[in-house]
Amino acid sequence: MSDARAIEAELLAFLQREIFAPSLAVTAETDLVAAGFDSMSLVRVLLFVETNYGFWIPEREITNDALRNVRALAATVTRLLHER
Amino acid sequence: MNLTELLDGTTSRWPQKPAFIEGDTIVSYAELGDTIARMTAQLRAFGMIPGTRVGLCHPNSVAYVALTFALWRLQAIVVPIPTECTSEETTAITETMQLEAVISQTPGGESVTLTPEGYITRLTPATLPDNHGLNIAFIRFTSGTTHERKGVVLSHETVRDRVVAANAALRIGPEDTVMWCLPMAHHFLITIVLYLSQGATIVLTRQVLARPFLETANRWRASVLYASPFHYALLARDRSDLTLPSVRLAVSTTCALPEDVAEDFVRRFGLPLVQALGIIELGLVSLNADDPRGRWNSVGRPLKTHRVRIVAPEADGVGEVAIAGPGFFDAYAAPWLPRENVLHDGWFHTGDLGWLDADGFLFLVGRKAAVINLAGRKVFPEEIETVLNRHPAVLESRVFGRRHAHLGEVVEAEVVLAQPHPEAEALRDFCREHLAPYKVPTRLHVVSRLPRTTATGKIRRETALVSHE
């Protein structure tokens with residue numbers, strides 16, 4: 001579980017630093033699409049995961065549920081890491 | 001000639017037909033025409049005169065389209081400013097393109113409010129721009145085929161010619177509904193203007209994920225998809241049971257289509273992806289409507305109005321792709337360089353490397369110039385190196401594209417650093433301050449020296465090959 005929490009914190013820091021405006025405080029529960037997450041944002045998140053965790057999230061995993069918020073995304077990344 | 005005539009023709013024929021659908025909102029051609037008329041009146045009151053160069057920094061919306069046509073109605077020139085630009089990049093566009101006004105979504109110092117949305121601010125360029133007597137509609141700040149030439153200038157006549165040529169292949173008509181998900185600041189003329197000239201309906205969607213995209217497409221019975229391989233990869237791997245029964249044409253553009261995406265998409269939807277080659281200087285050059293299943297990795301035969309030849313081919317037939325045809329750009333803006341001084345006997349040398357098969361299908365395999373294509377966004381290494389080299393700890397740098405199975409290429413950099421080394425993350429922060437996010441190198445490699453050519457001592461550029469194998 002500590003894995004998932006650490007990954008969540010890393011993803012959150014990344015999104016806050018690189019994707020969203022500083023004025024928008026992103027939490028683990030923020031609805032990403034509603035916050036303005038677009039296709040280039042998605043490309044950059046996928047690249048961040050690949051660079052930091054060593055794998056490309058398969059497209060079939062990139063669902064509404066997985067991208068609901070950072071917590072859900074971190075859970076997906078953690079699960080895929082364990083499956084490897 | 002004015003491009004507004006193309007839209008006016010549609011509006012008078014089908015006033016009640018939907019021009020745009022966004023969420024639950026339907027905007028008819030008559031309503032779009034009314035919005036344009038209101039915008040035109042406000043811009044006229046602002047003092048907009050013919051030939052004024054206006055920056056348009058606005059996200060995808062009906063207002064973006066209405067503002068563009070209102071500016072054209074007043075014979076002003078539209079210069080798109082992508083919303084992801086940093087303030088430094090916006091300033092570079094403003095100064096290099098000698099903009100005399102800018103329209104944005106947020107109010108500025110002395111901006112005037114436009115209804116229904118937008119703010120316009122007057123600017124004073126250091127020197128007034130010279131439009132060389134052309135009837136200019138549009139200038140796209142790029143880049144072009146080389147880093148040094150900025151701003152592709154397109155007249156109303158040029159845009160009309162390329163719209164007519166492109167639609168002979170795309171065959172968009174009033175019965176079509178197009179799903180739109182690409183940024184209008186990068187794609188507008190042989191797409192949005194073309195669709196509106198033919199009376200099609202455009203569904204604006206910000207959906208990036210497969211399921212909501214498919215639901216929206218089916219809700220409005222979309223017949224045409226126009227998107228990048230990245231979008232199609234998401235759709236191809238969707239695990240729902242949604243299909244695309246109303247789609248007749250799915251165009252893949254902006255970068256090379258990976259084989260697994262092409263195969264998975266056909267398997268998932270029973271519909272082949274049709275690759276297209278569009279170049280900002282030329283418009284739509286080719287479309288693989290003839291054999292998208294068998295030759296999935298071809299960008300197709302040239303349009304009937306166009307010719308393609310391979311310049312100085314090697315033994316394997318690969319050489320630089322040159323194109324001749326109508327609707328070519330009028331000039332580069334900065335420095336001003338008329339088309340005639342760029343073309344070679346009417347042929348435009350694209351900088352793309354490719355070959356033609358016996359049936360005249362064009363296959364692209366790479367580029368002569370060191371342009372990086374990140375999922376369809378063009379990145380010029382020199383621009384990023386200029387920023388990196390400004391950091392006090394960077395002695396020199398080299399930016400290159402690394403092949404990527406899902407994105408075509410990703411941006412990476414090698415840097416030679418002074419002591420003590422800053423953290424790589426600090427250098428990336430520095431890039432983020434000055435560059436649009438997609439240009440920031442994904443990885444920075446600290447090296448002791450950069451590869452140089454033995455002859456001239458210049459930094460060696462690898463012209464990455466597009467993966468078609």
Side-chain angles (χ1 to χ4, degrees), chain A residues 6 9-24 26 30-77 79-80 83-84, chain B residues 59-60 82-84 181-183 186 205-215 227-240 254 258 260-261 264-265 268 374-377 402 404-412 424-425 428-429 431-432 436-444:
Chain A
E10 285 164 3
L11 284 171
L12 203 50
F14 165 77
L15 284 161
Q16 187 70 72
R17 193 174 65 238
E18 300 210 16
I19 307 272
F20 293 111
S23 55
L24 181 84
V26 185
T30 303
D31 179 330
L32 293 178
V33 173
F37 198 81
D38 61 11
S39 61
M40 214 11 104
S41 315
L42 179 56
V43 165
R44 284 156 58 212
V45 167
L46 296 175
L47 270 175
F48 175 81
V49 170
E50 185 178 51
T51 309
N52 288 274
Y53 308 115
F55 70 97
W56 182 261
I57 303 179
E59 282 85 1
R60 64 171 189 280
E61 300 282 352
I62 304 169
T63 59
N64 292 21
D65 279 346
L67 277 176
R68 195 170 59 243
N69 53 38
V70 172
R71 181 149 301 150
L73 181 59
T76 302
V77 172
R79 174 171 56 76
L80 293 169
E83 284 172 12
R84 282 163 61 83
Chain B
N60 276 12
T83 50
E84 71 266 20
C181 57
L182 297 176
H186 296 276
T205 177
R206 283 183 47 228
Q207 301 296 351
V208 288
L209 302 179
R211 192 174 180 129
F213 184 97
L214 291 169
E215 286 166 351
S228 71
F230 181 71
H231 291 103
Y232 288 122
L234 293 173
L235 293 175
R237 279 68 191 247
D238 170 65
R239 289 180 294 177
S240 75
T254 75
D260 57 334
V261 176
D264 292 354
F265 193 88
R268 175 71 178 73
L374 167 68
R377 297 289 174 93
R402 181 180 295 282
H404 191 280
H406 303 273
L407 301 173
E409 288 172 281
V410 293
V411 181
E412 297 199 1
E425 207 44 45
R428 295 186 69 247
D429 284 341
C431 288
R432 264 197 298 281
Y438 65 90
K439 298 177 188 169
V440 176
T442 304
R443 278 200 175 90
L444 282 161

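Each chain gets a letter, A, B and so on, in the order the sequences are listed, and its residues count up from 1.
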Max heavy-atom pair count under 4.5 Å with chain B, selected residue of A:L67, A:L47, A:T63, A:D38: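 Answer, by heavy-atom pair count under 4.5 Å with chain B: A:L47.
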Is the shortest heavy-atom distance from the side chain of A:V43 to the side chain of B:Y438 under 4.5 Å?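 No, their side chains stay 4.5 Å or more apart.
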Is the closest side-chain donor-acceptor distance between A:E50 and B:H404 under 3.5 Å?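 There is such a pair (donor and acceptor under 3.5 Å, judged by atom type) between the side chains of A:E50 and B:H404.
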Counting only non-hydrogen atoms closer than 4.5 Å, does [X] touch chain A with its backbone (N, CA, C, O), its side chain (CB onward), both, or neither?
X: B:D264; value: neither
X: B:L407; value: side chain
X: B:E412; value: neither

Highest number of heavy-atom pairs under 4.5 Å with chain A: which of B:H231, B:E84, B:R237?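 The candidate making the most pairs under 4.5 Å is B:R237.
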Minimum heavy-atom separation for A:S39 and B:V208, please, with both atom names. N-CG1, 3.0 Å
Nearest non-hydrogen partners of B:R206 and A:V33, listed with the distance: NH2-O, 3.5 Å
Measuring from [X]:[atom1] to [Y]:[atom2], what's the distance to the nearest 0.5 Å?
X: A:M40; Y: B:L374; atom1: CE; atom2: CG; answer: 5.0 Å
X: B:L235; Y: A:E59; atom1: CG; atom2: CD; answer: 10.5 Å
X: B:R428; Y: A:R17; atom1: CZ; atom2: CZ; answer: 7.0 Å

So for A:L46, is it side chain, backbone, both, or neither that comes closer than 4.5 Å to the heavy atoms of chain B? side chain
Whether the side chain of A:R60 engages the backbone of B:R239 through a donor-acceptor N/O pair (distance < 3.5 Å, no angle test) should be reported.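 Answer holds: no.
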Give every residue pair that meets the salt bridge (charged side-chain N to carboxylate O under 4.0 Å, His left out) criterion with at least one member in residues 65-75 of chain A, sequence neighbours excluded. A:E8-A:R71, A:E29-A:R71, A:D65-A:R68
